[in-house]
Amino acid sequence: MKKHNFSAGPSILPRPVIEKTAAAVLDFNGIGLSVMEISHRGKDFQAVMDEAVALFREILDIPDGYEVLLLHGGASMNFLMIPYNLLQNKAAYLETGTWAKKAIKEAKKIGPVEVVGSSADKNFSYIPRNYEIPADADYFHITTNNTIFGTQIREDLNSPVPLVADMSSDFCSRPVDVSKYGIIYGGAQKNVGPAGVGFVIVRKDILGKVERDIPSMLDYRIHIENGSMFNTPPCLPVYTVMETLKWIRETGGLVKMEELNRAKAAMLYDAIDSSSMFAGTAEKDSRSVMNVCFVMQDKYKDLEADFLQFAQSKGMVGIKGHRSVGGFRASIYNALPAESVRALIDVMQEFEEQKA
Ligand SMILES: *Cc1c(COP(=O)(O)O)cnc(C)c1O
């Protein structure tokens, strides 16, 4: 049976990317060796790193003055690296979910943090809009897409201080004006690759302003000086990220990604909104194009386990909601085809016809 992969992360990758990775694991570029068993400092792997960085620059139209890093540690390592590198006076954070809270927790270990807005009062079902960013903050941190709660900041915000964005789960889902950000970072495993590598796009002139002595592995400037090879990089994940970025380019770039993603999300949200059994959990103007969270309406609550089992029997994978929201979550990242969304809607409608 065909599987439809709605996993939140690690998540679906384009099939041609998986096939190219499989081939490179067996024999990289016809050199008779695996991409996993060659020196990261040799010309064969250096070409992979260089091309991956060049693709980031091209696809995101990254302006001069920015550096691209591919590092171990995922998004979570950056929760700590960001305050280490930027926090001198105080930092401003927007609290929009579990990942934002984790970022705040790490920053507080380094210096004063002001939470300028929060949606904790309604279980993170919306994006706060009326808040002020203090002009004396060193930076303002946001989570653009809240993977667990299914909410998203869909525009590039204006900030009087460097804007730092965790884009783990909506990176490359739409064109972004990089010039509005000081740092864009995330783990690759939601939308641009496998687990094991994180990306950081950093405007160089915001670095070097703190007084503390930064441990080498946490210092963005050290990683920049060493071209992401201060230590051995995650070679295989970097290879797969490179192939994923090529796939994005071949598919039509970020304008096309956004068009496809919006169409998929509209189809699924319409089905949820017109259903008399299911209901969305996020407020409409805050809904994510990447992670669609929904539950059973109150009178059908006891059917959630049945639906999950029914959907699984029809090939739906990874649709159980996170325990902090309950219900269901369909992650509909770049690589998920519209047919899979269609298939999920069919399963929902079939279940509703049987049980309602
Ligand atoms: C998954 C996720 C993370 C955690 O990423 P790691 O690479 O596991 O550290 C952080 N932020 C967001 C928004 C996520 O979706």
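Each ligand, and each atom within it, is numbered from 1 in the order the structure gives. Computed from heavy atoms alone, side chains included, the values below leave out hydrogens, waters and symmetry copies.
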Show me which atoms of ligand 1 lie under 4.0 Å from any heavy atom of [X].
{"X": "N145", "result": "13 (C)"}
{"X": "F79", "result": "10 (C)"}
{"X": "G74", "result": "7 (O), 9 (O)"}
{"X": "T143", "result": "13 (C)"}

At what distance is the nearest protein heavy atom to [atom], and which residue and atom is it?
{"atom": "atom 8 (O) of ligand 1", "result": "Q189 NE2, 3.4 Å"}
{"atom": "atom 2 (C) of ligand 1", "result": "K190 NZ, 2.6 Å"}
{"atom": "atom 5 (O) of ligand 1", "result": "A75 CB, 3.5 Å"}
{"atom": "atom 11 (N) of ligand 1", "result": "D166 OD2, 2.6 Å"}
{"atom": "atom 9 (O) of ligand 1", "result": "S76 OG, 2.6 Å"}

Side-chain heavy-atom pair L218, L80 within 4.5 angstrom cut-off: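 Yes - at least one pair of side-chain heavy atoms lies under 4.5 Å apart.
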
State plainly whether the residues [X] and [Y] are in salt-bridge range, i.e. N to O under 4.0 Å.
{"X": "D285", "Y": "R129", "value": "yes"}
{"X": "E339", "Y": "R342", "value": "no"}
{"X": "D138", "Y": "K90", "value": "no"}

Within 45° cone and under 6.0 Å: K105 NZ/CZ vs W99 ring: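 Not satisfied by the 6.0 Å and 45° rule.
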
Quiz item: cation-pi between K43 and F45, 6.0 Å / 45°: no

Geometric class of the Y185/H141 ring pair [parallel <30°, tilted 30-60°, perpendicular >60°]: tilted

